[in-house]
Amino acid sequence: MTRSGNEAISDAEQRAQETASLNVPTIGDLPLPIDTANLREGPDLHAGLLALLPLVGVWEGSGEGHNPLTGDDYQFGQQITVTHDGGNYLVWQSRSWVVDDDGAYVQPDQRESGFWRISEDDEIELLLTHAEGVIELFYGRPLTQTSWNLTTDVTLRTETGVHTGGAKRLYGLVPDGDLAYVEERVDADGELTPRLSAKLRRVIG
């Protein structure tokens with residue numbers, strides 16, 4: 001059974017009492033609807049985005065990565081910001097940083113930005129631009145009301161961009177309300193191997 005947008009918002013309110021009054025800051029006084037990570041503030045979410053509604057918010061947490069160049073595993077922190085302005089898309093911003101065994105900052109890791117879109121028949125389009133000089137187009141579908149599966153269709157890199165293979169990503173809200181995901185990438189041998197995984201708590205929205 002498909003939940004309504006109001007039911008999804010109600011569930012989110014119960015899980016996020018402390019974050020319900022927070023939102024991302026606005027810069028300047030533009031004659032446009034604000035970008036909001038809080039479904040209670042700003043413009044109404046576009047009706048076409050209800051299948052992606054649970055993603056809206058700011059998420060922070062930690063995860064594990066595998067460096068394909070060195071073969072080493074490492075720990076990272078991450079912040080993901082998902083906002084909307086009433087248009088038929090979600091705005092995606094992600095930043096991560098390497099941490100040591102005590103959780104202390106070591107150095108920047110990855111940064112990406114882009115847009116989530118979804119068609120009337122629930123086909124997801126995720127367009128991402130990476131700071132490492134890579135552009136990716138993912139396609140996918142909702143698996144459930146709170147999980148989404150995506151696979152790259154196109155990967156482009158700039159002249160100085162890093163070499164990278166195609167990828168699969170699975171995002172989902174776990175029972176405690178956190179956002180968890182795993183990413184697998186095609187390695188130099190053409191095998192799909194684990195690249196990233198993380199669990200993030202909602203801090204805004």
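In this chain, numbering begins with 1 at the start of the sequence shown. Atom set for the values below is all heavy atoms of this structure, side chains included, hydrogens, waters and symmetry mates excluded.
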- If you look at every heavy atom in Val162 and Val134, which pair is closest and at what distance? O-CG2, 3.6 Å

- Note on the structure: Tightest non-hydrogen contact, residues Ser147 and Thr144, listed as OG-OG1, 2.8 Å

- Item | Atom CZ of Arg157 with >12 non-hydrogen neighbours under 6.0 angstrom | yes

- Item | Min side-chain heavy-atom separation Leu173-Leu179 under 4.5 Å | yes

- Message: Would you say that Val58 contacts Val24 through its side chain, given a criterion of any heavy-atom pair below 4.5 Å between the two side chains?
- Response: yes

- Message: With a 4.5 Å cut-off on side-chain heavy atoms, are Pro54 and Trp148 touching?
- Response: yes

- Message: With heavy-atom distances below 4.5 Å as the criterion, would you say the side chains of His84 and Thr36 are in contact?
- Response: yes

- Item | Residues in side chain to side chain contact (heavy atoms under 4.5 Å, CB included) contact with Glu191, at least two apart in sequence or another chain | Asp187, Asp189, Thr193

- Message: Under the side-chain contact (heavy atoms from CB on, under 4.5 Å) test against Glu136, which residue among Thr152, Leu127, Asp153 passes?
- Response: Thr152

- Is any side-chain heavy atom of Glu125 less than 4.5 Å from a side-chain heavy atom of Phe138? no

Identify each donor-acceptor pair in which a side-chain atom of residues 104-111 lies under 3.5 Å from a protein atom, sequence neighbours left out, and give them as a table.
residue, atom, partner, partner atom, Å
Asp109, OD1, Tyr74, OH, 3.4
Asp109, OD2, Tyr74, OH, 2.9
Asp109, OD2, Ser96, OG, 3.4

- Task: Please name the pair of heavy atoms, one in Arg40 and one in Gly205, separated by the smallest distance, quoted to 0.1 Å.
- Result: NH1-C, 3.4 Å

- Query: Quick one: CG on Leu196 to CZ on Arg185, what's the gap to the nearest 0.5 Å?
  - Reply: 8.0 Å

- Got a sec, which residues hit side chain to side chain donor-acceptor pair (under 3.5 Å) with Gln93, two or more places apart in sequence or on another chain? none

- Message: So, taking the atom named OG1 in Thr81 and the one named CG in Leu55, what distance separates them when rounded to the nearest 0.5 Å?
- Response: 12.5 Å

Please tabulate, for the side chains in residues 26-34, all donor-acceptor contacts under 3.5 angstrom to protein atoms that are two or more places apart in sequence or on a different chain.
none

- Message: Once ring-ring contact (aromatic ring centres under 6.0 Å, His included) is applied, what residue pairs with a partner in residues 163-182 remain, sequence neighbours excluded?
- Response: Trp92-Tyr171, Trp116-Tyr171, Tyr171-Tyr181

- Closest approach of Gln78 and Ala198, non-hydrogen atoms and distance? OE1-CB, 3.9 Å

- Query: Can you tell me how far CD of Glu112 sits from CD of Glu132, rounded to the nearest 0.5 angstrom?
  - Reply: 8.5 Å

- Query: Is the backbone of Gly48 close enough, under 3.5 Å, to the side chain of His46 for a donor and an acceptor to pair up by distance?
  - Reply: yes

- Task: Compare every heavy atom of Val56 with every heavy atom of Arg202, then report the nearest pair and how far apart it is.
- Result: NH1-O, 2.6 Å

- Gap separating the CD atom of Glu60 from the CD1 atom of Ile80, nearest 0.5 angstrom: 10.5 Å

- Query: Is Ile118 linked to Leu50 within one hydrophobic cluster, defined over Ile, Leu, Val, Met, Phe, Trp and Tyr using a side-chain heavy-atom separation of less than 4.5 Å?
  - Reply: yes

- Task: Please indicate whether Asp44 has more than 12 foreign heavy atoms, meaning atoms of other residues, nucleotides or ligands, lying under 6.0 Å from its CG.
- Result: no

- Item | Side chain proximity check, Arg195 to Thr164, heavy atoms < 4.5 angstrom | no

- Message: I want to check something: taking the side chain as every heavy atom from C-beta on, are Val182 and Pro194 in contact at a cut-off of under 4.5 Å?
- Response: no

- For the hydrophobic clusters of this structure (ILVMFWY residues joined by side-chain heavy atoms under 4.5 Å, transitively), does one cluster hold both Leu200 and Phe76? yes

- Message: Ignoring hydrogens, what is the shortest heavy-atom contact between Ser21 and Glu41? Give both atom names and the distance.
- Response: O-OE2, 4.0 Å

- Go through the structure and list residues passing ring pair (Phe, Tyr, Trp, His ring centres under 6.0 Å) with Phe115, not counting sequence neighbours. Tyr89

- Query: Heavy-atom count around Asp101 CG within 6.0 Å, excluding the residue itself: above 12?
  - Reply: no

- Message: Same cluster or not: Tyr139 versus Val154, using hydrophobic residues (I, L, V, M, F, W, Y) connected whenever any side-chain heavy atoms lie under 4.5 Å apart?
- Response: yes

- Message: To the nearest 0.5 Å, what is the distance between CG on Asn38 and CG on Asn23?
- Response: 5.0 Å

- Task: To the nearest 0.5 angstrom, please state how far the CG atom of Leu49 sits from the CG atom of Leu90.
- Result: 5.0 Å

- Query: Any chain of hydrophobic side-chain contacts (each under 4.5 Å) joining Leu53 to Leu126?
  - Reply: yes

- Side chains of Glu123 and Arg141: does their closest heavy-atom pair fall under 4.5 Å? yes

